[in-house]
Amino acid sequence: MNHASSLVRNGRVFDGLGNAPQQVDLRIRDGQIIEIGPDLRATDETVIDATGLIVSPGLIDLHTHVFSGVGLYSVDPVDAGLRTGVTSMLDTGTAGSLTYPNFDRFILSRADEDIFALLNISMIGAIQGHPEFPPFMGDLNDGRHAHVPSAVACVERFPQRIVGMKVRLTSGLANFEEKNEWAGFHGVFEAADQTGRPCMIHHAASRIPTNTVLQALRAGDTYTHLYNPHPDHPFDERGAPLEALLEARDRGVIFDVGHGVGAFVWRVAEPACREFEFWPDTISTDIHQFNLHGPVVDLPTTMTKFLYLGMPLEQVIRASTSAPAAAMRVQDRIGTLAVGRQADVVLLKLEEGRFTLTDTEGQTRTTNQKLVPVSVCKQGHWVPCGRAREEYVHDCGAR
C-alpha cells in the first residue's frame, strides 16, 4: 500500500540547489516535507532505508511530448514519468489552441505526475512533421496557424497549467517558406507578451538567423536544443559560444538541452562544455515516440551524459530539479528538498560499470557511472521505478 507518512534515512541528500550533499534524514507527512535533519527519530511511520543512494528532489523534465493518442510524437506520461524518477514535467507545445482543451481534459487531469504545458503558437500544435511519415507537414506549414488571438484566449481559459508559449523554428516544419517561420517567430513573442508568460524557442535548421533569435529572447525565456548538430547551432567552429549566446545568458535567458532524436551530438557538446564551459541551465529529454527506446530512454540517462562530460553531480541534479522548476515559475512548490515543500523525492543509484552513451548521430561514448532511479515519492506516496504503472507494487524497500 502507499504510505502517507515516511522517514527517509541514511542517504546522501542533495537539496536541488547545487549545494554539496548532506547526510541527513527527511520526514514526510501528508504530502509535504515536514522535517530535515540528522538522526531523526522514527515515530509511527514507514522508514525508507536509502543507504548507498542519492536522495534528490523528484526529477523535473522541462521538455517532453506526452499528449498521447494525438499525432505522431507523444508518449504516455507513464513512460516518461514516475517509473523514471520524474515527478513533474513540461509538455512543450504538443498542443495548440485547437487541441489543448482535450489535452487538459484527458491527459493532464488524469496523470500521476504534475504536468504543465507550453502552448504551441501554431493552432494545430506538433502533430506531424516527421520525414518517415509523409506528407511532411509541420506546425507552421501554413503561416496562418500562428494565430495569436486564439493562443491568448486559450491561455486565459487554462491559466493554471499553461505556463508559457512555444514555437518550433525549423524550415521543414514551415513548408520551407521563410514567411511561415517569421509568422511563428513574431507570434510567439506577441502571445507571450500579452499573457505575461515566457516562451521556449526550438531553433534548428531554420531560415531565421541564430543571432536574431538569441537577441530577441528575454529574461526567463528558454532556448532549447542547445547542442544540436545543425550549422545554425549557437557555437562557432571551435565549439566556443557565439557572442550573442553569452549576451543572452547574461540577460537571464535559460539554455536547455532538449536531447530529442536529432538535437544532441557529442561533437558539439564536448567542446562547448569541456573546453568553453558552456553548461546547460536545464537538462531535459525532449522525449517522444522516436527516441523513447534510444538514444534518450529517460531523464536519468540524459543526466548521465552530462556527468560523463564533467558536470558536477550536484549541478546535474540542480539542472534537473530546481532550475526547471524556476523556468516554469513553480519553484515555490517543487524542485527542492526543503521543509514545507511538496514531498516529491527520488532515490537514485550511481551504478558503477561500463555503460554506452549514444548521441543522435549514433556516436557512442563509454562511461563508468550511470544514474539509475530506484524509487520515487510523489506527494508522499512511494512507488518503485523501472516498471509500468500496472506492475507497480508499493513495497519500495520499506523497512
Side-chain angles (χ1 to χ4, degrees), residues 13-19 31-33 54-66 75 77-94 107-108 111-118 160-164 166 197-198 200 220 222 224 226 254-260 279-288 296-307 311 313-338 341-348 371 373 375-381 383 385:
V13 177
F14 290 75
D15 62 9
L17 296 172
N19 296 312
Q32 284 193 323
I33 299 171
I54 293 163
V55 182
S56 162
L59 304 181
I60 303 174
D61 196 337
L62 195 68
H63 195 146
T64 69
H65 293 281
V66 292
V75 298
V78 71
D79 293 321
L82 296 183
R83 74 177 185 86
T84 72
V86 170
T87 53
S88 301
M89 64 185 80
L90 181 66
D91 182 280
T92 57
T94 314
I107 304 296
L108 304 189
D112 294 329
E113 301 80 10
D114 284 327
I115 306 178
F116 302 91
L118 299 180
Q160 300 304 316
R161 297 273 194 170
I162 300 177
V163 298
K166 171 76 181 290
R197 282 163 168 73
M200 176 184 281
T222 299
T224 193
L226 180 59
I254 298 162
F255 291 96
D256 176 57
V257 173
H259 190 301
W279 299 99
D281 297 304
T282 55
I283 297 173
S284 69
T285 61
D286 183 20
I287 200 161
H288 53 67
V296 167
V297 183
D298 56 26
L299 183 54
T301 300
T302 306
M303 294 165 67
T304 297
K305 292 177 180 180
F306 285 88
L307 278 180
M311 194 174 187
L313 178 58
E314 54 267 33
Q315 294 302 322
V316 169
I317 291 174
R318 179 182 181 275
S320 310
T321 55
S322 68
M328 292 190 289
R329 303 180 180 178
V330 292
Q331 67 271 27
D332 59 330
R333 291 169 43 195
I334 59 175
T336 57
L337 296 181
R341 296 299 171 88
Q342 187 167 295
D344 291 0
V345 184
V346 64
L347 305 185
L348 299 162
L371 284 167
S375 62
V376 64
C377 176
K378 180 62 182 173
Q379 296 186 43
H381 302 304
V383 295
C385 297

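As the structure is a prediction and not an experimental result, all values here were calculated from the model.
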Side chain to side chain contact (heavy atoms under 4.5 Å, CB included) between Leu62 and Met200, intermediate numbers included: CA-CA 10 Å; Leu62 195 68; Met200 176 184 281; 4.3 Å; yes
Heavy-atom closest contact (Ala80 atom, Val75 atom, distance): CB-CG2, 4.4 Å
Heavy-atom check, side chain of Val257 versus side chain of Lys305, under 4.5 Å: no
Residues Ile283, Met311; criterion side chain to side chain contact (heavy atoms under 4.5 Å, CB included); working and verdict: CA-CA 11 Å; Ile283 297 173; Met311 194 174 187; 4.1 Å; yes
Side chain to side chain contact (heavy atoms under 4.5 Å, CB included) evaluation trace for Thr94 with Val66: CA-CA 8 Å; Thr94 314; Val66 292; over 6 Å; no
Sub-4.5 Å side-chain heavy-atom contact between Leu90 and Pro324: no
Met303 to Leu59 - nearest heavy-atom pair and separation: SD-CD1, 3.8 Å
Main-chain N/O of Gln379 paired to Asp344 side chain as donor or acceptor, under 3.5 Å: yes
Heavy-atom donor-acceptor pair, Arg341 side chain to Pro57 backbone, under 3.5 Å: no
Atom pair CG (Asp15) and CG (Leu337), whose distance is rounded to the nearest 0.5 Å: 7.0 Å
Spacing of OG1 belonging to Thr282 relative to CE belonging to Met328, to within rounding of 0.5 Å: 10.0 Å
Heavy-atom donor-acceptor pair, Asp286 side chain to His63 backbone, under 3.5 Å: no
Distance-minimising heavy-atom pair for Val296 and Gly260: CG2-O, 3.4 Å
Atom of Glu113, atom of Pro77 and distance for their closest heavy-atom approach: OE1-CB, 3.8 Å
Under 3.5 Å: donor-acceptor pair, side chain of Arg333, backbone of Gln342: no
Spatial distance of atom CG (Leu226) from atom NE2 (His259) [nearest 0.5 Å]: 12.5 Å
Ser322 side chain vs Gly16 backbone, donor-acceptor pair below 3.5 Å: yes
Exam field: side chain Lys378 to backbone Thr87, donor-acceptor pair closer than 3.5 Å: yes
For Leu347, the option from Ser375, Cys377, Pro373 that meets side-chain contact (heavy atoms from CB on, under 4.5 Å): Ser375
Check: Asp112 and Val78 side chains under 4.5 Å, non-hydrogen atoms: no
Thr222 side chain near Leu118 side chain, heavy-atom distance below 4.5 Å: no
Spatial distance of atom OG1 (Thr321) from atom CZ (Phe14) [nearest 0.5 Å]: 10.5 Å
N/O donor-acceptor pair under 3.5 Å between Asp281 side chain and Ala323 backbone: no
Under 3.5 Å: donor-acceptor pair, side chain of Arg318, backbone of Asn19: no
The single option from Thr302, Asp256, Thr224 passing side chain to side chain donor-acceptor pair (under 3.5 Å) against Ser284: Asp256
Contact summary for Cys385 and Gly85, nearest pair of heavy atoms: SG-N, 4.0 Å
Rounded distance [0.5 Å steps], CZ in Phe116 versus CD1 in Ile162: 12.5 Å
Sub-4.5 Å side-chain heavy-atom contact between Ile317 and Ile54: yes
Rounded distance [0.5 Å steps], CD1 in Ile60 versus OG in Ser320: 9.0 Å
Aromatic ring pairing His65/His288, orientation class (parallel under 30°, perpendicular over 60°, tilted between): tilted
